[in-house]
K.L.:
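This is the structure I have questions about; it appears just below.
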Amino acid sequence: MYLSRIPLDMSNRKTQIALVSPNKFHGAIEDSFDEKQKRNLWRIDALQGKMYLLLLSQAKPDLKYIANQFGKKEDCGETKEYEVLLNRIREDSIWQFRLVANPTHSIKAENGRGKVTAHTVEVFQLGWLNQQSVKKGFRVLPDTLKVTGANWKIFHKKDRKQQVRLLEVAYEGKLKVEDVEVFKDTLINGIGREKAYGMGLLTIAGSEG
């Protein structure tokens, strides 16, 4: 596994368009590998006033495909082996975390079918993550969880016929690892829906214990 971080050029018009239409980033990420990948997790992150694209992948990517479109050719970013972090995870260890996800629930229609709908109210967005944590190998520590942002992504797919509307919610807080193997799987495979469009990547830092 590899975790890559690519700085974005916010003055670039392609970058500005892709921030609203994440399928643009998805296409560039796919082009960064020699062979088609089963699934890559990625998200847009802000750090010290700069914007980055974070990418978690099974294979090592060629970052120039992303940098050429959305960053600067002279700075393609960096790639690190993810196993180093995974090997540090222990039961009951506490970590700071960040997550961008698409919290949803299913509402039954008159025909009996369920319709997937985004949680638009913060209290339900928080509740969704707490429910997810029960089956994802960790527990969010009380009074640490907060929503730091929520944005709608509205765009068309390649055929331009189908409009896509997705709610992107950013979380921060502290978590405690309760099942190491399940939690590692969560880090590798993500949380929730719409992973192709920059959601589901959970990252951790600053271990305590």
Side-chain angles (χ1 to χ4, degrees), residues 2-80 97-104 115-122 125 128-129 146-172 189-203:
Y2 297 90
L3 183 65
S4 304
R5 187 174 74 175
I6 307 98
L8 300 177
D9 181 2
M10 299 306 294
S11 65
N12 185 332
R13 179 165 172 75
K14 287 185 178 180
T15 304
Q16 295 170 3
I17 293 173
L19 289 172
V20 179
S21 304
N23 54 319
K24 306 292 186 183
F25 285 127
H26 175 66
I29 289 169
E30 293 293 300
D31 290 340
S32 299
F33 300 92
D34 293 332
E35 298 180 358
K36 185 175 178 60
Q37 302 294 296
K38 290 183 178 180
R39 172 168 291 169
N40 298 305
L41 293 177
W42 66 275
R43 75 164 187 250
I44 303 302
D45 234 1
L47 181 65
Q48 297 178 345
K50 296 182 179 181
M51 300 294 290
Y52 296 89
L53 188 151
L54 287 184
L55 170 61
L56 181 64
S57 57
Q58 291 281 351
K60 191 173 183 178
D62 186 343
L63 301 182
K64 70 173 181 288
Y65 289 95
I66 301 172
N68 286 348
Q69 292 187 55
F70 309 113
K72 296 180 179 179
K73 295 181 180 180
E74 66 274 16
D75 186 4
C76 292
E78 59 182 349
T79 297
K80 296 182 178 180
F97 76 87
R98 300 185 77 180
L99 168 71
V100 170
N102 175 233
T104 60
K115 180 181 179 181
V116 176
T117 305
H119 280 303
T120 58
V121 180
E122 184 173 304
Q125 294 167 351
W128 174 87
L129 183 55
K146 60 183 178 180
V147 169
T148 59
N151 298 288
W152 283 99
K153 304 291 186 180
I154 304 173
F155 58 96
H156 287 84
K157 291 187 176 181
K158 286 184 178 180
D159 58 13
R160 296 186 176 275
K161 294 179 181 179
Q162 182 182 358
Q163 186 186 68
V164 180
R165 297 180 77 253
L166 304 174
L167 182 61
E168 171 191 271
V169 178
Y171 300 88
E172 289 185 7
N189 294 299
I191 298 177
R193 303 166 61 90
E194 308 301 345
K195 296 181 177 72
Y197 300 120
M199 304 184 206
L201 175 58
L202 173 71
T203 56

K.L.:
Does the side chain of Arg43 reach to within under 4.5 Å of the side chain of Thr203, using non-hydrogen atoms?
P.N.:
yes
K.L.:
Could you check whether any side-chain heavy atom of Val164 comes within less than 4.5 Å of a side-chain heavy atom of Glu194, counting everything from C-beta outward?
P.N.:
no
K.L.:
So, taking the atom named CG in Asn23 and the one named NZ in Lys153, what distance separates them when rounded to the nearest 0.5 Å?
P.N.:
11.0 Å
K.L.:
Using a 4.5 Å cut-off on heavy atoms from C-beta on, say whether the side chain of Asn40 contacts that of Phe33.
P.N.:
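The answer is yes; the side chains approach within 4.5 Å.
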K.L.:
Strictly by salt bridge (charged side-chain N to carboxylate O under 4.0 Å, His left out), give each pair with a member in residues 54-66 just once, sequence neighbours left out.
P.N.:
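For residues 54-66, and leaving out neighbouring residues, the salt bridge (charged side-chain N to carboxylate O under 4.0 Å, His left out) pairs sorted by first residue read Asp62-Lys64.
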K.L.:
If I take atom NZ from residue Lys80 and atom OH from residue Tyr2, how far apart are they, to the nearest 0.5 angstrom?
P.N.:
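If we round to the nearest 0.5 Å, Lys80:NZ and Tyr2:OH are 14.5 Å apart.
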K.L.:
Looking at CD of Glu122 and NZ of Lys146, how far apart are the two atoms once the value is rounded to the nearest 0.5 Å?
P.N.:
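Those atoms lie 11.0 Å apart.
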K.L.:
For the CD1 atom of Ile66 and the SG atom of Cys76, what is their distance to the nearest 0.5 Å?
P.N.:
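The CD1 atom of Ile66 sits 9.5 Å away from the SG atom of Cys76.
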K.L.:
Could you check whether any side-chain N or O of Thr15 sits under 3.5 Å from a backbone N or O of Asp9, counting only pairs where one atom can act as donor and the other as acceptor?
P.N.:
yes
K.L.:
What pair of heavy atoms forms the shortest contact from Leu41 to Gly190, and how long is it?
P.N.:
CD1-N, 3.5 Å
K.L.:
Report yes if some heavy atom in the side chain of Leu19 is under 4.5 Å from a heavy atom in the side chain of Met10; otherwise report no.
P.N.:
yes
K.L.:
Evaluate whether atom CD of Gln48 has more than 12 neighbouring non-hydrogen atoms of other residues, nucleotides or ligands under 6.0 angstrom away.
P.N.:
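It does not: Gln48 CD has 12 such atoms or fewer within range.
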K.L.:
Minimum heavy-atom separation for Ile29 to Leu55, with atom names?
P.N.:
CG2-CD1, 3.8 Å
K.L.:
Do the side chains of Leu8 and Phe25 get nearer than 4.5 Å, heavy atoms only?
P.N.:
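Side chain of Phe25 against side chain of Leu8, heavy atoms only: contact under 4.5 Å found.
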K.L.:
For His119 and Trp128, which heavy atoms make the closest approach, and how far apart are they?
P.N.:
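Looks like CD2-CB, 4.0 Å.
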K.L.:
Using side chain to side chain contact (heavy atoms under 4.5 Å, CB included), reason through Ile6 and Tyr65 one step at a time and then give a plain yes or no.
P.N.:
CA-CA 11 Å; Ile6 307 98; Tyr65 289 95; over 6 Å; no
K.L.:
Heavy atoms, side chains only, cut-off 4.5 Å: are Leu47 and Asp45 in contact?
P.N.:
no
K.L.:
Considering all heavy atoms of both residues, which atom of Lys195 and which atom of Trp42 are nearest to each other, and what is their separation?
P.N.:
O-NE1, 3.8 Å
K.L.:
If you round to the nearest 0.5 Å, how far is CG of Asn189 from CG of Leu201?
P.N.:
11.5 Å
K.L.:
Grab the two heavy atoms, one from Val20 and one from Phe155, that are nearest each other, plus how far apart they are.
P.N.:
O-CD2, 4.1 Å
K.L.:
The criterion is side chain to side chain contact (heavy atoms under 4.5 Å, CB included); which residues satisfy it with Arg165, sequence neighbours excluded?
P.N.:
Trp152, Ile154, Gln163
K.L.:
What residues form a side-chain hydrogen bond (donor to acceptor under 3.5 Å, both in side chains) with Lys14, not counting sequence neighbours?
P.N.:
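With sequence neighbours excluded, Lys14 shows a side-chain hydrogen bond (donor to acceptor under 3.5 Å, both in side chains) to no residue whatsoever.
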K.L.:
Please check if the side chain of Ser57 supplies one atom and the backbone of Ala59 the other of a donor-acceptor pair under 3.5 Å.
P.N.:
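At least one qualifying donor-acceptor pair exists.
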K.L.:
Going by heavy atoms in the side chains, are Met199 and Arg193 under 4.5 Å from each other?
P.N.:
no
K.L.:
Show the numbers, then the answer: is there a side chain to side chain contact (heavy atoms under 4.5 Å, CB included) between Val100 and Val169?
P.N.:
CA-CA 6 Å; Val100 170; Val169 178; over 6 Å; no
K.L.:
Which distance, rounded to the nearest 0.5 Å, do you find between the CG of Asp31 and the CD of Gln69?
P.N.:
7.0 Å
K.L.:
Do any N or O atoms from the side chain of Asn102 and from the backbone of Leu167 form a donor-acceptor pair under 3.5 angstrom?
P.N.:
yes
K.L.:
Please tell me if the side chains of Tyr171 and Val147 come closer than 4.5 Å, counting only heavy atoms from C-beta onward.
P.N.:
yes
K.L.:
Which heavy atom of Thr79 sits nearest a heavy atom of Ser4, and at what distance?
P.N.:
OG1-OG, 2.8 Å
